[in-house]
Structures are given as structure tokens and as C-alpha cells.
Amino acid sequence: MWELSKGWYGDRMRLDYVPKAIEEYQQLLTDVGLTGPFWSLTG
Amino acid sequence: MYATFAATGSPPSVADLAASMGEAAAGAGLQRLHDAHTLVLGGDGEIRMALPFSAVETGHRVTSGAMAWWANCAWDTLAIPVALDVDAEIRSTWMDTGAPVELAVSGGELSSTAGLIHFAIPAHRWWDDIVET
């Protein structure tokens with residue numbers, strides 16, 4: 001979760017912060033090994 | 001909005017945002033962030049969450065020097081030091097034992113990665129009721 005937090009929230013305080021596309025968030029989950037139906041953001 | 005949360009531990013009121021940027025712009029901006037799952041507006045229309053920060057007291061506390069913030073959940077206790085890029089102490093409670101969580105972040109590193117965070121709700125349903133999640 002620590003590594004996931006870096007990708008998910010590392011840019012949150014930037015003045016030019018723009019929410020990521022859902023595909024990008026899904027990739028962040030995949031990158032830390034959170035895969036499968038339970039971790040699907042789209043069901 | 002995030003700057004106020006970071007500096008004070010609390011979000012600005014909607015009235016404060018409206019005073020600084022105009023009522024229409026504030027309303028539209030808040031709704032856009034709400035739709036993007038970045039913040040959550042409470043039933044009173046005020047900011048309830050601006051992830052990873054909580055506007056209300058929770059069992060999850062992050063401190064850094066003289067500053068402190070409430071986190072929405074265990075994950076957010078990790079996310080707050082990341083978002084702010086600060087050294088921090090994390091205080092929470094392990095659900096299985098009731099023992100206090102005592103973690104620290106220093107120099108961008110977490111003091112221990114032992115332990116588990118339990119997600120009870122599938123990811124695609126997190127936002128069905130994000131407060132419950």
C-alpha cells in the first residue's frame with residue numbers, strides 16, 4: 001500500500017493536479033500486484 | 001482547497017471558497033472534483049473528504065511536527081505523508097488486536113511494511129458509499 005500510495009497520491013498537492021483516468025488508476029493497482037476481479041475499478 | 005487542508009488540517013468552507021473565487025466557480029469546481037472522486041461533499045454541502053484528508057475526526061491520525069491531519073482510512077494514513085512529502089508519524093489501531101499502530105515516515109521511507117490493510121469492499125464498489133469504504 002505504501003508503494004501504491006506514491007503513485008496514487010504523489011501528485012495530489014500539485015497546483016496542476018488533474019485526476020488520472022480510471023485506466024491509469026487500474027494500472028497502479030496492477031503494478032503493485034493487486035489484480036483480479038476484486039481489484040477491478042470498473043466491475 | 002488542498003492547500004488549506006495541508007496548512008490547517010481542515011478544509012475551507014464553501015463560503016470561503018466562494019468568497020475567494022466566486023460562488024459559481026467554487027460550486028462548479030467542487031462538483032467537478034466530486035464527480036472525479038477526488039473529494040466528497042457532506043450532506044450539508046461542505047467538504048467531508050478531500051482524499052486522503054478527512055474533515056472529521058477518525059481513528060486515523062497523521063502528525064508532522066506541529067501539524068496533524070485526520071485520515072479517512074488506513075490507506076490514507078500512508079497517503080497523507082506521500083501527498084505532502086513530509087516526515088510523519090502515523091497513529092491508528094490494528095483491527096485484529098486492538099494494539100496501536102505506530103508507524104513513521106522519514107525521508108520518503110516507511111518505518112515498517114509489516115502488517116496488513118483489509119479491504120472489505122471490491123474496488124468497483126468503493127464509491128457506492130465511500131464513507132463506508
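Letters A, B, ... mirror the listed sequences (proteins, then strands); counts begin at 1. Everything numeric here is computed off the predicted structure, so don't read it as measured data.
Residues V105(B) and W2(A) meet the side-chain proximity criterion, which asks for heavy atoms closer than 4.5 Å. The shortest distance between side-chain heavy atoms of Y9(A) and D76(B) falls below 4.5 Å. Contact check for W126(B) versus L41(A): side-chain heavy atoms found under the 4.5 Å cut-off. For the pair R12(A) and L51(B), the minimum side-chain heavy-atom distance is below 4.5 Å.
Hydrophobic cluster membership is shared by V32(A) and F38(A), with clusters built from Ile, Leu, Val, Met, Phe, Trp and Tyr side chains linked at under 4.5 angstrom. In the hydrophobic cluster analysis, where Ile, Leu, Val, Met, Phe, Trp and Tyr join through side-chain heavy atoms closer than 4.5 angstrom, W70(B) is grouped apart from V40(B). M67(B) and F5(B) fall within the same hydrophobic cluster, where Ile, Leu, Val, Met, Phe, Trp and Tyr residues are linked whenever their side-chain heavy atoms come under 4.5 Å apart, directly or through other members.
Only the backbone of A3(B) comes within contact range of chain A, judged by heavy atoms closer than 4.5 Å. If you measure heavy-atom distances from Y17(A) to chain B, the contacts under 4.5 Å come from the side chain alone. Using a 4.5 Å cut-off between heavy atoms, F119(B) contacts chain A through both its backbone and its side chain. Using a 4.5 Å cut-off between heavy atoms, I117(B) contacts chain A through its side chain alone, with no backbone atom that close.
Counting non-hydrogen atoms of neighbouring residues, nucleotides and ligands closer than 6.0 angstrom, the CD atom of Q27(A) exceeds 12 such neighbours. Counting non-hydrogen atoms of neighbouring residues, nucleotides and ligands closer than 6.0 angstrom, the CE atom of M95(B) reaches no more than 12 such neighbours.
One finds the CE atom of M1(A) at 11.5 Å from the CG atom of L110(B) (value rounded to the nearest 0.5 Å).
Contacts with chain B were tallied for G43(A), G10(A), P37(A); G43(A) has the most, counting heavy-atom pairs under 4.5 Å.
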